[in-house]
Structures are given as C-alpha cells and as structure tokens.
Protein chains: 2
Amino acid sequence: MKRRTKQREIILATLSGANGPLTAEELWQQARAQSNNLGKATVYRNLRLLVQEEDVQEVHLPNESTRFEAKFTGHRHYFYCEKCKNISFIQATCPVAALDGVTLPSGYKIRSHSLMFYGLCVECD
Amino acid sequence: MKRRTKQREIILATLSGANGPLTAEELWQQARAQSNNLGKATVYRNLRLLVQEEDVQEVHLPNESTRFEAKFTGHRHYFYCEKCKNISFIQATCPVAALDGVTLPSGYKIRSHSLMFYGLCVECD
DNA sequence: TTCTTAATGATAATCTGTTATCATTAAGCA
DNA sequence: TGCTTAATGATAACAGATTATCATTAAGAA
C-alpha cells in the first residue's frame with residue numbers, strides 16, 4: 001500500500017511555500033534544509049508521483065529545465081529577474097487570454113499560450 | 001583568415017528559408033539534403049559563429065531545446081502545433097507589447113517578454 | 001597552380017538532467 | 001511491538017545535446 005512519508009511532506013511543503021516554480025535541483029537544495037540527508041532520487045521519485053496525482057504541476061519555461069509548482073488552478077505568468085535569475089509568479093491581468101480559442105487570420109487556431117516576462121524584480125530594481 | 005565555406009552558406013540558407021526556428025538537429029537533417037555528408041559538428045560550429053556575428057539568433061522556447069533562426073529585427077511570436085509538433089512564426093499584433101517598459105503594481109519592471117501559442121496549425125485543423 | 005592553414009567530417013568525450021539498482025530504513029497494519 | 005514491504009539514500013547508469021580531438025580537405029592569397 002502507498003505510504004505517507006516525511007520526505008514527501010517536506011517536498012510538497014517546500015513547493016507550496018515557494019514564490020515561484022522550482023527546478024528539481026533547487027527543490028532538493030531547499031528541502032534538504034528540513035531533512036539533511038534527503039536523496040536527490042527521492043525528490044525525482046516524489047515529483048513524478050505528485051505530478052501523477054496532480055498535487056504538483058510541471059512548468060516549462062524558455063531556456064530553463066523543467067520546473068515544478070504546487071497545483072494551481074488559475075492562469076498566471078512568470079517573471080524572470082535578469083539580475084538575480086530567480087523566477088517568480090506574477091499577478092497581472094492576462095493581456096492574451098482574449099486570444100484563446102481564436103482562429104488567427106493565418107488559420108492557426110489558438111488553444112492556449114505561455115507568457116513570460118523578463119526584467120528586474122522588486123529587490124533588484 | 002576567415003573563410004567563406006559552402007557548408008556555412010547552406011546552413012544560413014536553410015535557416016533563412018525555414019518558416020520557424022529550427023533545432024540544431026532539424027537544421028542538420030534539412031541541410032544535409034544540400035550537402036549529403038555535412039557533419040553535425042560543422043552545424044554546431046557554424047551556428048556558434050553565426051550567432052556571434054549576429055546573422056543568426058537563438059530562440060528558447062518552453063520545453064524545447066535551443067532553436068535557431070535567421071536574424072530578424074522585429075518582434076514576433078511562435079506557434080506550436082500540438083498535432084504535427086512543428087513550430088512556426090506567427091504574424092499577429094502583439095497584445096503584450098504595451099507592457100514592455102512598464103513597472104507593475106507589484107514592483108516588477110518588465111523589459112521584455114516571450115509569448116508562445118499552442119494549438120492547431122493550418123494543415124492540421 | 002601551389003601552398004598555407006582554416007574548416008571540415010567522423011567520432012570520442014563531456015555535461016546536465018533524470019532514471020535504475022539495490023541494500024537499508026521505516027510506515028503502518030496485525 | 002513485530003512484521004511486511006513500500007520508500008529511501010547513495011550511486012551507477014543512461015539519454016540527449018553540445019564540444020573537443022585529429023587526420024583530412026579545400027579556400028583563397030601568392
């Protein structure tokens with residue numbers, strides 16, 4: 001039977017507390033603060049499991065390896081700070097949402113989109 | 001001294017003729033049609049060179065390895081067809097451009113953005 | 001045309017991210 | 001508490017993309 005482990009709790013808690021999507025590596029580094037001999041394989045194993053169970057979702061961003069974030073049902077975008085290199089969630093009315101479901105003049109039918117901003121975050125500006 | 005080779009011409013011509021950004025692998029496959037024993041290392045070498053000289057630019061898209069396209073000075077977006085998996089350029093007024101240079105309420109200063117559409121292309125719809 | 005050497009093609013090596021292996025640990029039912 | 005076995009931690013193995021190596025080829029000045 002499936003077991004509820006301390007490690008999985010920590011992994012999910014770390015993701016839930018993050019203010020942006022994390023790579024497996026970043027997650028491992030942060031989660032180790034709670035469980036100092038946490039194995040990297042355990043992080044990958046649990047991420048796969050959590051994604052299957054839909055408690056966690058993958059995020060694919062330009063020029064970045066796969067990131068993970070705790071389940072979020074809304075629509076939001078990401079902000080990459082060119083100085084500190086951190087990626088955080090950003091709250092802003094989506095200026096593109098109106099296009100979803102639309103067929104462009106060229107004949108392409110849009111089902112969804114991915115929008116990412118680059119610039120300077122609050123701390124770095 | 002730097003030499004103008006047949007291989008580099010073919011690589012650049014292939015990129016210029018493409019209707020979307022290509023991965024090094026795709027570029028290699030296509031360019032080999034013109035030069036059937038073109039080496040993959042040559043493709044990588046020339047891509048690096050062409051990027052340095054700014055005749056070619058890299059494009060980083062979500063969940064995709066680095067792609068390359070011939071220099072283009074405007075602003076455009078990409079369309080990923082969920083059926084045929086091809087990525088093509090798309091012409092559309094940018095609904096996000098107005099945000100560039102803007103500082104959001106949260107304090108994030110936007111310098112640029114990356115917008116990508118997912119859906120069905122003309123051939124697949 | 002000849003000659004120098006930049007560039008090439010083939011392939012081995014490297015790097016990064018992820019998965020498999022396996023002995024050991026611990027979740028949680030009896 | 002004891003027992004079964006799912007899950008873990010350490011590490012080797014793997015996969016894909018990119019770079020280095022090196023003998024060979026060919027660009028282009030003389």
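Throughout, a chain's letter reflects where its sequence line sits, starting with A, and its residues are numbered from 1.
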Distance check: side-chain N/O of A:T5 vs OP1/OP2 of C:dA27, anything under 4.0 Å?
-> no

B:N37 side chain near D:dT25 phosphate (N/O to OP1/OP2, under 4.0 Å) | no

Are the aromatic ring centres of B:Y108 and A:F79 under 6.0 angstrom apart?
-> yes

Which whole-number value in Å describes the distance from B:W28 CH2 to C:dT8 P?
-> 15 Å

For the pair made of CG in A:N46 and P in D:dA7, what is the distance, rounded to whole Å?
-> 9 Å

How would you label the contact of A:K6 with the nucleic acid (heavy atoms, under 4.0 Å): base, sugar-phosphate, or nothing?
-> nothing

Please evaluate the base of C:dT5 for a donor-acceptor partner in the side chain of B:R3 within a cut-off of under 3.5 Å?
-> yes

Let me know the distance between CG of A:L12 and C1' of D:dA7, rounded to the nearest Å.
-> 17 Å

From CE of A:M1 across to P of D:dT4 the rounded distance in Å is 13 Å

Atom pair distance, as rounded to whole Å: CZ in B:R67 and P in D:dG16 = 16 Å

To the nearest Å, give me how far apart CG (B:L22) and P (D:dT18) are.
-> 13 Å

Of the candidates C:dA20, D:dT8, C:dT8, the side chain of A:R48 sits closest to C:dA20

Just to confirm, is there a sub-4.0 Å distance from OP1 or OP2 of D:dG9 to any side-chain nitrogen or oxygen of A:Q7?
-> yes

N/O (side chain, B:T66) to phosphate O (OP1/OP2, D:dT18) under 4.0 Å | yes

Indicate whether the side chain of B:Y78 and that of B:E64 have a donor and an acceptor atom separated by less than 3.5 Å.
-> no

A:H60 NE2 to C:dT18 C1', straight-line distance once rounded to whole Å | 14 Å

Indicate yes or no for a side-chain donor-acceptor contact from A:Q57 to the backbone of A:F72 under 3.5 Å, with no hydrogens or angles considered.
-> yes

Apply the side-chain contact (heavy atoms from CB on, under 4.5 Å) test between B:S114 and each candidate in A:F117, A:Y80, A:Y118; give the one that qualifies.
-> A:Y118

Figure out the CZ/P separation between B:R4 and D:dG28, and round it to whole Å.
-> 7 Å

Of the listed C:dT18, C:dG9, D:dT19, the closest approach to the A:K40 side chain comes from C:dT18

Please check if any side-chain donor atom of A:Q29 sits under 3.5 Å from a side-chain acceptor atom of A:E25, or the reverse.
-> yes

Distance check: side-chain N/O of B:Y44 vs OP1/OP2 of D:dT18, anything under 4.0 Å?
-> yes

Checking all strands, does A:R45 fall into the base, sugar-phosphate, or nothing category for heavy-atom contacts under 4.0 angstrom?
-> base

